[in-house]
Amino acid sequence: MHKLTVVLLLTFVPLIGLGQNTISGKIVDELGLPIYRASVEIHQTDAITYTDYEGAFTLTSAKDFHWKITIKSKGYKSESFFVLEGGKTAALVLEYDIEINTLLDDTSDIKKESTEDRE
């Protein structure tokens, strides 16, 4: 009887994994550098994950068609992307938000002024 229970249990274990689909990809900034700890979530679900040091992420979903994912990270504009069946994305690029762009622009003005002073 115990062997029958184990055999039945092992028969149904693979079926549990069939309902899971994987979405994976990489998040980078405008310079192509990976973004660490960006949140990646599937729209209208509780599925959320965060990117690693290399900007990579993996999410699991019961839905098997296409997904709308939303990516957020401090210093960047929030973006939404559609991921088609198969779940593998190319590198997704987040743009800097206004505050970072202003900071970068101010820094470039300082560099420009210091070069003009030398001339």
Quick check: does any side chain N or O of Glu41 sit under 3.5 Å from a backbone N or O of Thr49, one acting as donor and the other as acceptor?
->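 No; zero donor-acceptor contacts below 3.5 Å.
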
Sub-3.5 Å donor-acceptor pair from the side chain of Thr51 to the main-chain atoms of Arg37, do we have one?
->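 Between the backbone of Arg37 and the side chain of Thr51 there is a qualifying donor-acceptor contact (under 3.5 Å).
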
Working to the nearest 0.5 angstrom, can you tell me the gap between [X] [atom1] and [Y] [atom2]?
X	Y	atom1	atom2	answer
Ser39	Lys72	OG	NZ	6.0 Å
Trp67	His43	CH2	NE2	15.5 Å
Asn21	Leu59	CG	CG	12.0 Å
Thr22	Lys88	OG1	NZ	10.5 Å
Ile98	Asp105	CD1	CG	11.5 Å

Establish, yes or no, whether a centroid distance under 6.0 Å links the rings of Phe57 and Tyr50.
->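 Judged by ring-centre distance (under 6.0 Å), Phe57 and Tyr50 do not meet the cut-off.
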
Using side-chain heavy atoms (C-beta onward) and a distance below 4.5 Å, is [X] in contact with [Y]?
X	Y	value
Ile69	Leu92	yes
Phe81	Thr70	no
Leu94	Ile27	yes
Ile48	Val40	no
Asp97	Tyr76	no
Tyr53	Pro34	no
Asp29	Val93	no

For Glu54, does the CD atom have more than 12 heavy-atom neighbours from other residues, nucleotides or ligands under 6.0 Å away?
->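 No, CD of Glu54 has 12 or fewer neighbouring heavy atoms, counting only those of other groups under 6.0 Å.
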
Exercise: identify the closest heavy-atom pair between Ser73 and Ala38 =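 Where Ser73 meets Ala38 most closely, the heavy atoms are CB-CB, 3.8 Å.
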
Aromatic plane relationship, His66 with Phe82 - under 30° parallel, 30 to 60° tilted, over 60° perpendicular =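 Ring orientation, 0 to 90° scale: tilted.
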
